[in-house]
Number of protein chains: 2
Amino acid sequence: MQTAASITLNSRISAPPRARSQAHIRPVIFHAPDCVIYAQGERTRSLYQIEYGAVRIYRLLADGRRQIVAFHLVGETFGFEINDTHSFYAEAMVNTGLISIERDAGGQLNDRLVGVALKAMVRAQEHLLVVGRQSSLEKIAVFLVDLADREGGADVIDLPMSRIDIGDYLGLTIETVSRTISKLRDMGIVRLRNARSIEIVKPEKLRMLSN
Amino acid sequence: MQTAASITLNSRISAPPRARSQAHIRPVIFHAPDCVIYAQGERTRSLYQIEYGAVRIYRLLADGRRQIVAFHLVGETFGFEINDTHSFYAEAMVNTGLISIERDAGGQLNDRLVGVALKAMVRAQEHLLVVGRQSSLEKIAVFLVDLADREGGADVIDLPMSRIDIGDYLGLTIETVSRTISKLRDMGIVRLRNARSIEIVKPEKLRMLSN
DNA sequence: CGAGCCGTTGAAACTAGTCAATTATTGTGG
DNA sequence: CCACAATAATTGACTAGTTTCAACGGCTCG
């Protein structure tokens with residue numbers, strides 16, 4: 001159960017990882033769930049590193065549907081754009097603390113920025129392989145394995161996102177997402193501690209499905 | 001109808017566009033249809049610019065399926081990778097002439113390389129939006145509109161790829177690709193001069209579908 | 001405690017996939 | 001140049017899987 005946001009915020013602000021050798025400490029900016037971090041069309045200000053929480057990156061399609069192109073978790077950096085204009089939305093999914101990473105003075109691409117861009121590209125390409133797959137079982141399996149790895153490789157996955165988010169990420173409806181997770185449960189591969197906490201009982205079988 | 005490859009090759013080799021101010025002229029390397037330009041796992045040698053022809057970029061999945069992540073047409077540059085190892089295959093789809101673009105001496109990222117990388121990233125993200133769509137009609141519509149734009153905006157699209165390629169690109173079977181194109185024909189939106197040449201009769205309707 | 005949202009489950013409708021047969025196109029050898 | 005073979009594309013019938021519509025259960029927050 002989550003405690004009050006301000007407590008979490010304050011407990012972290014004094015010890016940011018990857019602290020630069022600069023005089024001032026970068027402030028942690030707090031975002032409540034569903035709070036917009038930046039919007040499509042907005043001018044790019046900086047990159048963001050997640051201190052705690054989780055973020056979804058998405059685009060709204062003309063017909064109102066939403067395609068989530070990426071989830072970002074603790075420790076990850078996001079916010080890279082080609083132009084100086086954001087072509088995606090970024091929203092906090094849970095209580096989230098961010099530190100912003102400024103560009104160079106001249107607005108030039110520095111090594112860090114390029115690194116983030118490349119990682120984003122790899123993610124997008126990998127995600128393409130997943131979304132292009134046929135079966136919902138494969139999609140969900142890949143999704144869970146990826147999330148487990150990124151959360152530190154533990155057996156228990158803490159989902160920061162709703163079923164709607166997962167559906168918009170994988171190109172499925174919430175019903176199919178739910179049914180597929182239920183199927184994995186019935187197959188004895190996962191166990192649901194609650195809707196947002198999934199225990200992987202048989203990791204090797206899950207990986208087989210996500211092959 | 002295509003003439004002998006060598007003739008096409010020779011007719012182009014003397015006038016490469018974007019010629020650098022260097023002493024020697026870069027040779028145009030010829031590739032026959034289905035010829036591998038580079039393979040997954042191979043060491044990255046250079047970037048490639050398409051003088052004539054068309055190229056598919058794809059990855060083979062563990063179960064033998066093939067996900068095409070990009071098509072490249074005349075004038076476009078491809079071959080960028082994060083590591084010095086290719087994580088995708090590149091194959092010519094028709095008779096194709098390439099000129100190679102070397103990296104800097106130190107293997108550093110130069111502006112050109114970064115530009116290609118960014119364009120590839122944008123493409124991957126855009127493609128994600130397409131593949132994540134539900135209906136085959138939308139996918140095919142987006143595909144055709146994109147191709148028409150990239151071929152110069154004319155009403156007649158020359159498809160350098162097979163139905164299998166299109167299917168592997170959009171996450172559809174060849175039958176569905178064929179049926180969907182036939183449906184567009186029955187709707188009076190396109191006309192098939194032959195299987196590889198599609199005339200867009202009602203561009204505005206096609207764009208509406210691809211919205 | 002009740003309202004509201006999130007998630008699950010069921011049944012029907014529909015879309016895309018699979019299997020199979022037919023037609024069109026391309027290439028090869030006589 | 002034509003006949004034939006091989007490949008590519010289309011179409012049909014059927015099946016499987018996902019979406020849609022709907023109802024219900026459970027958790028959270030006022």
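Here is the naming used below: chain letters follow the sequence lines, and residue numbers restart at 1 for every chain.
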Whole angstrom value for the distance that separates [atom2] of [N] from [atom1] of [X]:
X: A:Ile140; N: D:dG17; atom1: CD1; atom2: C1'; answer: 14 Å
X: B:Arg193; N: C:dT25; atom1: CZ; atom2: P; answer: 14 Å
X: A:Asp165; N: C:dC6; atom1: CG; atom2: C1'; answer: 12 Å
X: A:Asp168; N: C:dG7; atom1: CG; atom2: P; answer: 12 Å
X: B:Asn194; N: D:dT7; atom1: CG; atom2: P; answer: 20 Å
X: B:Ile166; N: D:dA8; atom1: CD1; atom2: C1'; answer: 12 Å
X: A:Leu137; N: D:dT18; atom1: CG; atom2: C1'; answer: 13 Å
X: B:Lys139; N: D:dT18; atom1: NZ; atom2: C1'; answer: 12 Å

[N] phosphate, OP1 or OP2: any side-chain N/O from [X] under 4.0 angstrom?
X: A:Arg196; N: D:dC27; result: no
X: B:Thr173; N: C:dA16; result: no
X: A:Ser162; N: C:dC6; result: no

Can you name the one residue among A:Phe71, A:Phe78, A:Tyr89, A:Phe88 that meets ring-ring contact (aromatic ring centres under 6.0 Å, His included) with A:Tyr58?
A:Tyr89
Give a yes or no on whether a salt bridge exists between [X] and [Y], defined as a side-chain N under 4.0 angstrom from a carboxylate O.
X: A:Asp158; Y: A:Arg196; result: no
X: B:Asp168; Y: B:Arg59; result: no
X: A:Arg179; Y: A:Asp186; result: no

Mark yes or no for whether A:His127, through its side chain, and A:Tyr169, through its backbone, hold a donor-acceptor pair below 3.5 Å.
yes
Candidate pair A:Val142 and A:Leu129, rule side chain to side chain contact (heavy atoms under 4.5 Å, CB included), full reasoning
CA-CA 10 Å; A:Val142 173; A:Leu129 301 181; over 6 Å; no
With a non-hydrogen cut-off below 4.0 angstrom, is A:Gly171 in contact with a base, only sugar-phosphate, or nothing?
sugar-phosphate
N/O-N/O pairs, protein side and nucleotides 10-12 of chain D side, under 3.5 Å:
{"from": "D:dT10", "atom 1": "OP1", "to": "B:Arg163", "atom 2": "NH2", "distance (Å)": "2.9"}
{"from": "D:dT10", "atom 1": "OP2", "to": "B:Arg163", "atom 2": "NE", "distance (Å)": "2.7"}
{"from": "D:dT10", "atom 1": "OP2", "to": "B:Ser178", "atom 2": "OG", "distance (Å)": "2.8"}
{"from": "D:dT10", "atom 1": "O5'", "to": "B:Ser178", "atom 2": "OG", "distance (Å)": "2.9"}
{"from": "D:dT11", "atom 1": "OP1", "to": "B:Arg185", "atom 2": "NH2", "distance (Å)": "3.0"}
{"from": "D:dT11", "atom 1": "OP2", "to": "B:Ser182", "atom 2": "OG", "distance (Å)": "2.4"}
{"from": "D:dT11", "atom 1": "OP2", "to": "B:Arg185", "atom 2": "NH2", "distance (Å)": "3.0"}
{"from": "D:dG12", "atom 1": "N7", "to": "B:Arg179", "atom 2": "NH1", "distance (Å)": "2.9"}
{"from": "D:dG12", "atom 1": "O6", "to": "B:Arg179", "atom 2": "NH2", "distance (Å)": "3.4"}

Could you give the angle between the helix axes at the two ends of the helix from C:dC1-D:dG30 to C:dG30-D:dC1, with five pairs per end, rounded to 10 degrees?
40°
Set of residues satisfying side-chain contact (heavy atoms from CB on, under 4.5 Å) with respect to B:Glu199, sequence neighbours excluded:
B:Val156, B:Arg191, B:Arg193
Can you check whether A:Leu209 reaches A:Leu184 side chain to side chain, under 4.5 Å on heavy atoms?
yes
Calculate, to the nearest 0.5 Å, the distance between atoms CZ and CD1 belonging to A:Arg207 and A:Ile189 respectively.
13.0 Å
